[in-house]
Amino acid sequence: MRIKIDTEKCEGHNRCFVVAGELFELDDSGYAHEVGDGKVPAELKEKARLAVTNCPELAISIDEDD
Amino acid sequence: MTTEPAKRHTEPVKDWTTDYDIFDAGYVKDPFPVWDELREKCPVAHTERWGGSWMPTTYEDLRKIAANIEIFSSRNPLVANVGEPTEEVMADLENQFSVGAPPISSDPPVHTWSRALLLPKFSIKEVARYEEETRELCRSLIDRFIDKGRADAAVDYAQQIPSRVIASMLGIPQERAGEFTEWVRGFLEYGLTNVDLRSGAAMQIFSFLNEQVQERKANPGDDLISYLLQAKAEGAPDPIPEPHVLGTCFLLLVAGIDTTWSSIGSAMWHLAQNPDDCKRLIDEPELITPAVEELLRAYSPVTMAREVTRDAEYNGCPMKENDKILMNFPAANRDPKKFENPDQVILDREVNPHIAFGVGIHRCAGSNLARMEMKVAIEEWLKRIPEFRLEDPEAVTWAGGQVRGPRKCAVVF
Ligand code: HEM
Ligand code: SF4
């Protein structure tokens, strides 16, 4: 599984970082980026899905097969 | 004296879809059934009251309208239009108010850089610097009433917190917090339906902030005003013109006080009636993070407005240039199409993409600060007062319009 943030859509609500700090990092202005290459370890898959469903901007996508 | 006296709208509402009244006492107290009805019957309602406006109530419409910044401008975000002040007052105000209150009252490109200036000062990390003093503040407020066995959770607690925290960030004297809370209420609450009160309050805030800005120019410090006076951002003029700094400080004061106080107040009102939720928060302290989001969703305080830039049809509604749209984020957050059991407060709700802080480019710049204040206020209260209830549910009073929250909320413990 891999996560990707559409930086055009992200408005810095920071919900992803709060539910899954292992997978997201924030820049100084609060915009989110994937940690590393966005690869999600098995034990964090549930958290990744939660980040997606809690982002009000629909800025995070998941590729289940990557 | 006003050029156009504030219209009174005392006739009761018969049809909420065509004649809603956001200041109707019953609606202010309990707007939820109205929103349910509107979502079913007429998801974008209309009224001629208070200057006229359209009001969307579904999550999808709020998202779409917020995203369409070309047609829906932020040039005037106030929810009521009760006329302009006299020419004299207007001229005075324009001197001060020449740029409005950016970024909230601006569209790109000004919006982009004026927001970029602020964001780094409101990140989770920066806001954490104020957490300890916020805790101390909460404790000292509780000290004042803990032995009495009763307190007004709105007046003695919620209302006292955000004004002092933002004062600390702006480097302005905390002793004057009571005064500028009243000015902000004058602008956003009593003044919404009374143009003289509103412009008077705006003048007081501007004069006060102007003194502060002049003072900071002479003696810069480690505060937000000093920061803004020398801040840089891509696309921004260098240095930032003083009227802009003043407009932004005005916004921080106005946007940071009523809003956060209302959401802390609503949280206290909810907890006073739900001892099981208090118990859960005490037994499972990590629940506070989702609980704050859930309380924000269920009792979202803030409605902003947009102005239509050219005649356009939206969802079959014939909107005209300069029409007002009420961005009813609170109603969107109760939309059953988006949230399961929307009227239930579920502290550990897993899927909660609420838009209490707005959505799109104007997403509340102070959201991390507001969350920190709510979290600390609830935690410190529950540590000292784990069990409490409303003294008299009927005696609770609410303010509404731009910002909804309890204004009197006596509790006993
Ligand atoms: C629970 C408390 C709060 C709520 C519910 C809230 C809500 C909102 C909402 C809905 C907007 C979007 C406006 C729009 O779309 O037109 C907004 C914008 C804004 N808020 Fe808040 N707010 C809160 C607290 C604060 C605090 C504490 C501050 C800072 C001191 C703050 C500063 C701002 C600023 C600067 C903007 C303008 C952002 C922009 O236009 O880019 N707010 N707020
Ligand atoms: S929750 Fe969405 S909008 Fe917010 S920081 Fe994360 S990706 Fe960006």
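Everything numeric in this text was worked out from a predicted model, so none of it was measured. Lettering of chains follows the sequences in order, A, B, ..., and the numbering in each one begins at 1.
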Atom group of [X] that falls short of 4.5 Å from chain A, counting heavy atoms:
{"X": "Phe122(B)", "result": "neither"}
{"X": "Glu126(B)", "result": "neither"}
{"X": "Leu118(B)", "result": "neither"}

Do any N or O atoms from the side chain of [X] and from the backbone of [Y] form a donor-acceptor pair under 3.5 angstrom?
{"X": "Asn54(A)", "Y": "Asn352(B)", "result": "yes"}
{"X": "Arg15(A)", "Y": "Pro353(B)", "result": "no"}
{"X": "Arg63(B)", "Y": "Pro56(A)", "result": "yes"}

Review point. Less than 4.5 Å apart, any side-chain heavy atom of Glu11(A) and any of His362(B)?
Key: no
**Study point:** Any Glu350(B) side-chain heavy atom under 4.5 Å of Glu46(A) side chain
**Key:** no
[atom1] ([X]) with more than 12 external heavy atoms under 6.0 Å:
{"X": "Glu64(A)", "atom1": "CD", "answer": "yes"}
{"X": "Asp222(B)", "atom1": "CG", "answer": "no"}
{"X": "Glu340(B)", "atom1": "CD", "answer": "no"}
{"X": "Glu70(B)", "atom1": "CD", "answer": "no"}
{"X": "Glu132(B)", "atom1": "CD", "answer": "yes"}
{"X": "Lys39(A)", "atom1": "NZ", "answer": "yes"}
{"X": "Asp66(A)", "atom1": "CG", "answer": "yes"}

Practice item. Mind ranking Glu293(B), Lys121(B), His354(B), Arg115(B) by heavy-atom pairs under 4.5 Å with chain A and telling me who comes out on top? Key: Glu293(B)
Check your understanding: Among Pro120(B), Ala67(B), Ala365(B), Ala66(B), who wins on heavy-atom pairs under 4.5 Å with chain A?
Key -> Pro120(B)
Review point. From Arg371(B) CZ over to His13(A) NE2, what is the distance, rounded to the nearest 0.5 angstrom?
Key: 8.5 Å
Exercise for review: With rounding to the nearest 0.5 Å, note down the distance linking OG in Ser123(B) to OH in Tyr31(A).
Suggested key: 12.5 Å
Practice item. List the steps and the verdict of side chain to side chain contact (heavy atoms under 4.5 Å, CB included) for Ile124(B) and Val18(A). Key: CA-CA 10 Å; Ile124(B) 294 181; Val18(A) 172; 4.3 Å; yes
**Study point:** Closest non-hydrogen atom pair between Leu119(B) and Ser29(A), with its separation
**Key:** CB-O, 3.6 Å
Review point. Checking heavy atoms, do the side chain of Leu26(A), its backbone, both or neither come under 4.5 Å from chain B?
Key: side chain
